[in-house]
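Have a look at the structure below before the remarks.
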Amino acid sequence: MAKQLDLPTRAFGAEPPVPDRAVLANWIAEHRGRLADIITYRLDQSLAPQIPAGIGTPCAGGRFYADRICGCIEGITENRATGELHADTPDIIEDAAAIVVQKKDAWCAMPAPHTLGIRDEYYGDADEWNDAICGIYRTLMRAMRDTGVTGHVLICEQANDPELLALAGQNVFFFAPKPDRETLAGILEHQQQVAITQGRLETLFDLMNEYTVRRIFLLDPNDSAIRLARTHFDPDQIFGAGYCTEECDAYWKGVVERSVYVR
């Protein structure tokens, strides 16, 4: 007799739209007593739909969080590094507290350092620049974890080896929404788990001749993707996953509903 198993589910962030003034004003009125701005609103909205949908490992944040990161780095002028970088953490800590109040054990997604587009006009050396910007990230992420955020997803466009070497770890997951083979290989150099769509599974299978993969997170899972993943992974190595760039209430419910395996 066939038995249905529910796969664990995980989020890698979301990109809620910028609200109009009336929506933002109403939201701020409902949250009197909090320091809040448009980033706070989007952070709240990125996480909120995941909770009733039943996502097992929820994650606030997304690419939009770049504005907060840049606002917390002293030494930047008009997206140019013009002085020694320093981290200013109060706003980050406030965001972390809001995430934890909304959902204990949630993660936070933010763009990886190379996606910020900051030009180094101060250090003049690639290694020194990487040490500086990654040091800022370590400080900001540690401040959020000390406030109760479980870990961080770093959304990347490519596998930046110095960043991966400096930041990848148990509480930091590098996530490329649309990785090519080179990006997948670069990520697998530093972490043994990866988020992937069905269309990239065959590439991943080929890379497994060179790299150890202990866990995969199937983005936008469906029955055929899960069955294909099962040709190389045990059920306990497969998670359903999502990164929402659309209407998120229905999206997260769909991720949970489709994260099932029939055996």
Side-chain angles (χ1 to χ4, degrees), residues 12-18 35 37-43 46 59-96 99 107-146 149 151-169 171-191 194-195 243 245:
F12 289 102
E15 306 297 342
V18 176
L35 295 175
D37 57 17
I38 194 167
I39 301 174
T40 317
Y41 170 86
R42 297 181 77 188
L43 196 65
S46 66
C59 181
R63 294 183 192 272
F64 71 87
Y65 204 60
D67 289 342
R68 179 73 86 224
I69 298 295
C70 290
C72 291
I73 305 176
E74 297 177 357
I76 294 176
T77 304
E78 296 179 348
N79 228 34
R80 296 177 294 117
T82 56
E84 187 170 350
L85 302 190
H86 295 282
D88 185 36
T89 61
D91 288 347
I92 285 280
I93 292 172
E94 189 78 21
D95 288 343
I99 291 170
W107 285 54
C108 182
M110 56 180 66
H114 69 270
T115 70
L116 296 178
I118 300 172
R119 300 192 308 276
D120 172 30
E121 296 183 3
Y122 177 78
Y123 293 91
D125 178 85
D127 290 338
E128 288 188 27
W129 166 249
N130 184 73
D131 289 345
I133 192 65
C134 288
I136 292 293
Y137 266 68
R138 280 193 295 270
T139 298
L140 296 178
M141 292 190 294
R142 183 169 57 249
M144 296 188 86
R145 289 198 301 271
D146 288 347
V149 170
H152 290 84
V153 171
L154 296 186
I155 305 172
C156 57
E157 295 174 355
Q158 60 192 33
N160 184 297
D161 193 67
E163 290 180 5
L164 281 154
L165 187 62
L167 298 174
N171 300 114
V172 179
F173 187 105
F174 275 80
F175 165 56
K178 297 180 179 180
D180 56 19
R181 182 187 179 89
E182 182 179 1
T183 299
L184 275 178
I187 289 173
L188 291 174
E189 286 276 1
H190 299 276
Q191 63 185 37
V194 67
Y243 169 60
T245 58

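Count residues from 1 along the sequence.
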Looking at every non-hydrogen atom in both residues, tell me the closest pair between [X] and [Y] and how far apart they are.
X    : Y    : value
W107 : I99  : O-CG2, 4.5 Å
P16  : F64  : CD-CE2, 3.8 Å
I136 : H86  : CD1-C, 3.4 Å
M144 : I92  : CG-CG2, 3.1 Å
T82  : I76  : OG1-C, 4.5 Å
C134 : L167 : O-CD2, 3.7 Å

Check whether N79 reaches the backbone of G117 with its side chain - one donor and one acceptor, N or O, closer than 3.5 Å.
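Judged by distance alone, yes, a pair lies under 3.5 Å.
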State which residues pass ring pair (Phe, Tyr, Trp, His ring centres under 6.0 Å) with F12; sequence neighbours excluded, sorted by chain then number.
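In terms of ring pair (Phe, Tyr, Trp, His ring centres under 6.0 Å), with neighbours along the sequence ignored, F12 is linked to F173, F175, F217.
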Using the test ring pair (Phe, Tyr, Trp, His ring centres under 6.0 Å), find all partners of F174 that sit at least two apart in sequence or belong to another chain.
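In terms of ring pair (Phe, Tyr, Trp, His ring centres under 6.0 Å), with neighbours along the sequence ignored, F174 is linked to no residue.
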Determine whether [X] and [Y] make a side-chain contact, defined as any pair of heavy atoms from C-beta on separated by less than 4.5 Å.
X    : Y    : answer
C156 : L164 : no
R80  : Y122 : no
T139 : T89  : yes

Approximate separation, where rounding is to 0.5 Å, of [X] [atom1] and [Y] [atom2]:
X    : Y    : atom1 : atom2 : result
T183 : K178 : OG1   : NZ    : 13.0 Å
R63  : Y243 : CZ    : OH    : 4.5 Å
I38  : L43  : CD1   : CG    : 12.5 Å
H152 : M110 : NE2   : CE    : 4.0 Å
L85  : W129 : CG    : CH2   : 5.0 Å
I73  : L116 : CD1   : CG    : 6.0 Å

What residue among D146, L154, N171 forms side chain to side chain contact (heavy atoms under 4.5 Å, CB included) with M141?
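Going through D146, L154, N171 one by one, the side chain to side chain contact (heavy atoms under 4.5 Å, CB included) with M141 is satisfied by L154 alone.
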Scan residues 122-145 for pairs that pass salt bridge (charged side-chain N to carboxylate O under 4.0 Å, His left out), counting only residues two or more places apart or in two chains.
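Applying salt bridge (charged side-chain N to carboxylate O under 4.0 Å, His left out) to every pair that reaches into residues 122-145, excluding sequence neighbours, yields nothing.
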Test side-chain contact (heavy atoms from CB on, under 4.5 Å) on Y137 and V172; report intermediate values, then the result.
CA-CA 11 Å; Y137 266 68; V172 179; over 6 Å; no
Side chains of E163 and H114: is there a donor and an acceptor less than 3.5 Å apart?
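Yes, H114 and E163 have a side-chain donor paired with an acceptor closer than 3.5 Å.
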Kindly determine whether R42 and Y65 satisfy side-chain contact (heavy atoms from CB on, under 4.5 Å), including the steps that lead there.
CA-CA 9 Å; R42 297 181 77 188; Y65 204 60; over 6 Å; no
Does the pair E94 and T40 meet the rule for a side-chain contact (heavy atoms from CB on, under 4.5 Å), with working shown?
CA-CA 9 Å; E94 189 78 21; T40 317; over 6 Å; no
